[in-house]
2 protein chains.
Amino acid sequence: MKEITSQQQRVLDCIQIYINKTGFPPTRADICKELGFKSPNSAETHLRALEKKGFISIESGASRGISIINNDRNSSINSDEYPVIGLVAAGSPTLAEENIMNTINCPESFFNSSFDYFLKVKGLSMKNAGIMEDDLIAVKKTSDIKNGDIVIARIDDEVTVKFFNRKSPKIVELEPANEDFENIVVNLEQEELHIEGKSVGLLRKN
Amino acid sequence: MKEITSQQQRVLDCIQIYINKTGFPPTRADICKELGFKSPNSAETHLRALEKKGFISIESGASRGISIINNDRNSSINSDEYPVIGLVAAGSPTLAEENIMNTINCPESFFNSSFDYFLKVKGLSMKNAGIMEDDLIAVKKTSDIKNGDIVIARIDDEVTVKFFNRKSPKIVELEPANEDFENIVVNLEQEELHIEGKSVGLLRKN
DNA sequence: AATAGTACTGAATATATGTACAGTATAATA
DNA sequence: TATTATACTGTACATATATTCAGTACTATT
């Protein structure tokens, strides 16, 4: 599923709200009325973009033939116990039993992607990304990392949560979201970088 | 609710099946095709009968403007489905059905306190508190508010998420967590301040 | 500099759709 | 017996609706 723009999100929300309110999807004109567009083609182009990106399907020729594609509803509502692992300044967030602080019962399809454990955040190096001390990051163990992903990285025995940014085949920058911290530049030829996984969600209890 | 005839039941079932299959209601012609009628008026008269008996509602003039009226409104009290409500700049986040964007299955004891619904955040006025755009705030409907709590407040029809700070019996300050925004000072003698509830947790999908 | 994506306005049009009107027929009800 | 509800066919038409075409403008990427 590709990225959605803010305007496309507005249109998608508008469709969902309209369906909840009336029981049937809106026309192009209805969307224009709700969002203040003056041409039905404004709605049309957004709908086509949403269709292209896989958020909705459009029945050709049919009036109000819009349906929202829900990709986390088809998966069953199975709940599971997920471990909560503490991120210590010098320590590895493995699933070793001694690192499991407690568990949280949570539906398997809770986030947009499956995940493996919760990581309890220490420090404020990602505060500008809305990740605060003691927040729980839902971590998916994967090596499928793209630039801009929030990753759980280990260098030697140091574990950290940062933005991932591959500068060149051999250089990776781990970027904090806090002006008080500096980028960590990793030269893969000299240092070993292990990516534990990436963040697919966040949970905060207050 | 009056009695339903067998043919009307067939039509009602047809509508439900069509909605389940496509996501939107059928046209008169669609019903004819499904049930073997040869005139759209056959469907029309059945629809009018179903409407008269209260099984469906028909939006006049609108294509596919059929919606099935659900009489078994048992909002299953001990269910784990929590509604997600959009926070619109000028609009109230009530539990009115038209504002419910979707629901999230979640254990009742998920946060440290019980809660009533999720609120989808718009804007960045609380970014320094780690609340970002499109985050879902778990809202507990309560009037038990202490200074420093993150509250969902309504002034006139403006709804906002801010820190709560009672300065004096008559003065309440609503404080953002973003240097680009200013405190909202509410004189309770002059303005009406309604506290929808407070944040007891946060959920982010990325 | 060229291309592609987003975000719109505005006009035009083929057709999809609701809906009225004219019939026929059967069964139940007042 | 007259009336009403059910259960259809068939035709017709105004309009609701999807959809295309022609523009403008901004932004990001190549």
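Values reported hereafter were calculated over all heavy atoms of this structure, with side chains retained and with hydrogens, waters and symmetry mates removed. In the text below, chain A, chain B and the rest are named by the order of the sequence lines, each starting its count at 1.
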Participant: Do the side chain of B/Ser39 and the base of D/dG10 come within less than 3.5 angstrom through a donor-acceptor pair of N or O atoms?
Facilitator: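 It does, because a donor-acceptor pair links the side chain of B/Ser39 to the base of D/dG10 below 3.5 Å.
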
Participant: Can you check the B/Tyr18 OH to C/dT17 C1' distance for me, whole Å?
Facilitator: 12 Å

Participant: Side chain of A/Arg28, heavy atoms from C-beta onward: which of D/dG10, D/dT19, C/dG5 has the nearest atom to it?
Facilitator: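 So the side chain of A/Arg28 is nearest to D/dT19.
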
Participant: Run the side-chain hydrogen bond (donor to acceptor under 3.5 Å, both in side chains) check on A/Glu191 and A/Asn187 step by step: do they pass?
Facilitator: CA-CA 6 Å; A/Glu191 290 169 283; A/Asn187 187 328; over 6 Å; no

Participant: Would you call the rings of A/Phe115 and A/Tyr82 parallel, tilted or perpendicular if under 30° counts as parallel and over 60° as perpendicular?
Facilitator: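 Parallel, since the angle between the ring planes stays under 30°.
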
Participant: Here's a test of your reading of the structure: between B/Arg10 and A/Arg64, which maps to the more 5' nucleotide of DNA chain D?
Facilitator: B/Arg10

Participant: Just do the side-chain hydrogen bond (donor to acceptor under 3.5 Å, both in side chains) check on B/Ser125 and B/Lys162 with the steps written out, would you?
Facilitator: CA-CA 8 Å; B/Ser125 73; B/Lys162 294 287 180 298; 3.1 Å; yes

Participant: With no hydrogens and no angle check, just 3.5 Å: does a side-chain donor-acceptor pair link A/Asn128 and A/Glu179?
Facilitator: yes

Participant: Which nucleotide in the set D/dT17, C/dG5, C/dA7 lies at the smallest distance from any side-chain heavy atom of A/Lys52?
Facilitator: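 For A/Lys52, the side-chain atoms sit closest to C/dG5.
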
Participant: Looking for any heavy atom pair under 4.0 Å, which part of the strands does B/Ala62 touch: base, sugar-phosphate only, or nothing?
Facilitator: sugar-phosphate

Participant: Could you tell me how far apart B/Phe37 (CZ) and C/dT19 (C1') are, to the nearest whole angstrom?
Facilitator: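 To the nearest whole Å, that distance equals 17 Å.
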
Participant: Verify whether one side chain among A/Lys140 and A/Ser114 offers a donor that lies under 3.5 Å from an acceptor in the other.
Facilitator: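 Side-chain D/A pair, A/Lys140 to A/Ser114: present.
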
Participant: Think B/Gln8 has a side-chain N or O under 4.0 angstrom from the OP1 or OP2 of D/dA5?
Facilitator: no

Participant: At under 4.0 Å, does any side-chain N or O of A/Gln7 touch on OP1 or OP2 of C/dT6?
Facilitator: no

Participant: Measure CG/B/Asp30 against P/D/dT17 and give the value in whole Å, please.
Facilitator: 15 Å

Participant: Side chain of A/Arg48 only, please: which of D/dT19, C/dT17, D/dA7 is the nearest?
Facilitator: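 Looking only at heavy atoms from C-beta outward on A/Arg48, the closest nucleotide is D/dT19.
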
Participant: Check the distance between C/dA7's P and A/Ile4's CD1 and give it to me in whole angstrom.
Facilitator: 10 Å

Participant: Between C/dG18 atom P and B/Leu50 atom CG, what is the distance in whole Å?
Facilitator: 15 Å

Participant: Any side-chain to backbone donor/acceptor pair from B/Asp149 onto B/Val151? Under 3.5 Å, distance only.
Facilitator: no

Participant: DNA chain D: B/Ser63 or B/Thr45, which has the more 5' nearest nucleotide?
Facilitator: B/Thr45

Participant: Salt bridge between B/Asp134 and B/Lys122, side-chain N to carboxylate O under 4.0 Å?
Facilitator: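 Judged by the 4.0 Å cut-off on N to carboxylate O distance, B/Asp134 and B/Lys122 do form a salt bridge.
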
Participant: Defining pairs by Watson-Crick or G-U wobble geometry with both distances under 3.5 Å, how would you list the stems of DNA chain D with at least three pairs each?
Facilitator: C:1-30 with D:1-30

Participant: Drop me the distance from B/Ser199's OG to B/Leu119's CG, to the nearest 0.5 angstrom.
Facilitator: 9.5 Å

Participant: Of the nucleotides D/dT6, C/dT17, D/dT9, which has the atom closest to the B/Thr27 side chain?
Facilitator: C/dT17

Participant: What is the distance, to the nearest angstrom, from the CD1 atom on B/Ile66 to the P atom on C/dG18?
Facilitator: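 To the nearest whole Å, that distance equals 7 Å.
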
Participant: So, is B/Lys53 near the phosphate of D/dT6, with a side-chain N or O under 4.0 Å from OP1 or OP2?
Facilitator: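 Yes, within the criterion.
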
Participant: Could you tell me how far apart B/Leu47 (CG) and D/dA5 (P) are, to the nearest whole angstrom?
Facilitator: 17 Å

Participant: Return the value, rounded to whole Å, for the distance between atom CD of B/Glu44 and atom C1' of C/dC21.
Facilitator: 12 Å

Participant: Where the side chain of B/Asn41 is concerned, which of D/dA7, D/dT9, D/dT17 is the nearest nucleotide?
Facilitator: D/dT9

Participant: Nearest to the side chain of B/Thr5 - D/dC8, D/dA7, D/dA18?
Facilitator: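 The listed nucleotide nearest to B/Thr5's side chain is D/dA7.
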
Participant: Output yes when at least one side-chain N/O atom of A/His46 is less than 4.0 Å from OP1 or OP2 of C/dT6, else no.
Facilitator: no

